[in-house]
Amino acid sequence: MEEAQVVESKDGTISVASAFAGHQEAVQDRDHNFLSKAVEEAYRGVDCGHGGPFGAVVVCNDEIVVSCHNMVLDYTDPTAHAEVTAIREACKKLGKIELSDCEMYASCEPCPMCFGAVHLSRIKRLVYGAKAEAAIAIGFDDFIADALRGTGHYQKANLEIKRAGGNGALIAEQVFENTKEKFRMY
């Protein structure tokens, strides 16, 4: 049996290439098919007036569990991005909060909120199409990602962030100690 090869691309990402003939092409075809569904969903969301041009599908065992698009305008909810909506719907449909046996295909590189949701849901694989710059180029800002990278200016965020002091912080911390036995999640 041949060994897998570790391959590093120009942008520094690392992947494992299978030694089996045709395996990489089969994975690329599969990824293309599911990513195309996410892109179709992005168009559907714009056509319906539900939100921006973002789509996501959650896949389990080569079957689409849910296919969702951005619902920010329809739900009047700034957190109703395609990826978050897809995670919420997949969890409901599958009856669980951990999607570790699932993959997500997103039409665009997830924003920090969506990436956080992907991480918290334990999705095992994320494949995205467009880079965030494509969304930024048409007016979708990514000031949170820029701030995390240390390159952003809080132009739109008129927001003060402060940790509570005194008793407020203490009682907020105690909730974790007082409930830890009830929440053994993973």
Side-chain angles (χ1 to χ4, degrees), residues 6-9 11-16 24 27-46 50-152 157 161 183-186:
V6 175
V7 178
E8 186 169 352
S9 69
D11 67 359
T13 56
I14 296 174
S15 61
V16 178
Q24 197 162 5
V27 169
Q28 285 176 338
D29 287 347
R30 180 181 176 280
D31 286 352
H32 177 78
N33 289 336
F34 288 129
L35 187 57
S36 294
K37 297 293 185 191
V39 171
E40 288 173 20
E41 196 63 49
Y43 279 114
R44 186 175 298 117
V46 171
H50 290 168
F54 303 95
V57 297
V58 174
V59 174
C60 186
N61 298 323
D62 288 332
E63 297 288 327
I64 294 177
V65 176
V66 295
S67 180
C68 297
H69 53 261
N70 184 296
M71 298 294 289
V72 168
L73 299 176
D74 191 51
Y75 289 177
T76 319
D77 177 357
T79 69
H81 291 194
E83 299 91 337
V84 172
T85 302
I87 289 167
R88 289 174 180 160
E89 294 301 317
C91 287
K92 283 182 202 170
K93 188 171 183 179
L94 298 173
K96 58 187 182 175
I97 62 168
E98 183 182 308
L99 302 174
S100 60
D101 54 347
C102 297
E103 300 166 279
M104 177 177 281
Y105 292 82
S107 63
C108 187
E109 181 179 5
C111 73
M113 176 187 70
C114 292
F115 182 75
V118 169
H119 171 74
L120 290 172
S121 69
R122 306 290 195 258
I123 286 175
K124 69 179 178 180
R125 185 167 182 259
L126 168 67
V127 177
Y128 67 87
K131 293 189 76 140
E133 288 77 11
I136 293 166
I138 66 164
F140 289 91
D141 70 32
D142 200 12
F143 73 92
I144 295 171
D146 286 341
L148 294 173
R149 291 183 205 110
T151 59
I161 301 174
F183 292 98
R184 298 278 181 212
M185 294 182 68
Y186 304 104

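Heads up: numbering here begins at 1 and tracks the sequence. Worth knowing before you read on, the calculation uses all heavy atoms, side chains too, and leaves out hydrogens, waters and symmetry mates. Every value quoted in this text rests on a predicted model; they were computed, and no experiment measured them.
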Inset, instruction - To the nearest 0.5 Å, tell me how far N33 CG sits from D62 CG. - result: 10.5 Å
Legend entry - From CD (E109) to CD (E83), nearest 0.5 Å: 10.5 Å
Inset, instruction - Would you mind reporting whether R88 and M71 have side-chain heavy atoms less than 4.5 Å apart? - result: no
Legend entry - Considering all heavy atoms, the nearest P110-L126 contact: CG-CD2, 3.7 Å
Inset, instruction - Evaluate the side-chain proximity of M104 to I87: yes if any heavy-atom separation is below 4.5 Å, no if none is. - result: yes
Legend entry - Pairs where residues 65-75 contributes a residue and the test side chain to side chain donor-acceptor pair (under 3.5 Å) is met, not counting sequence neighbours: E41-S67, E41-H69, H50-H69
Inset, instruction - Taking side-chain hydrogen bond (donor to acceptor under 3.5 Å, both in side chains) as the test, write out the residues that go with N61, two or more places apart. - result: none
Legend entry - Considering all heavy atoms, the nearest I123-C102 contact: CG2-O, 3.5 Å
Inset, instruction - Provide the closest heavy-atom pair for I138 versus P53 in the form atom of the first, atom of the second, distance. - result: CD1-CG, 4.3 Å
Legend entry - Heavy-atom closest pair, residues A42 and G55: CB-N, 3.6 Å
Inset, instruction - To the nearest 0.5 angstrom, please state how far the SG atom of C60 sits from the CG atom of D101. - result: 4.0 Å
Legend entry - All side-chain hydrogen bond (donor to acceptor under 3.5 Å, both in side chains) counterparts of D31, not counting sequence neighbours: Y105, R125
Inset, instruction - Work out which heavy atom in A90 is nearest to a heavy atom in L99; give both atom names and the distance. - result: CB-CD1, 4.1 Å
Legend entry - L35 CG to S107 OG distance, which is reported to the nearest 0.5 Å: 7.5 Å
Inset, instruction - First locate atom CD1 of I64, then atom CD of E103, and finally report the distance between them rounded to the nearest 0.5 Å. - result: 11.0 Å
Legend entry - Contact check, side chains of M113 and V84, non-hydrogen atoms, under 4.5 Å: yes
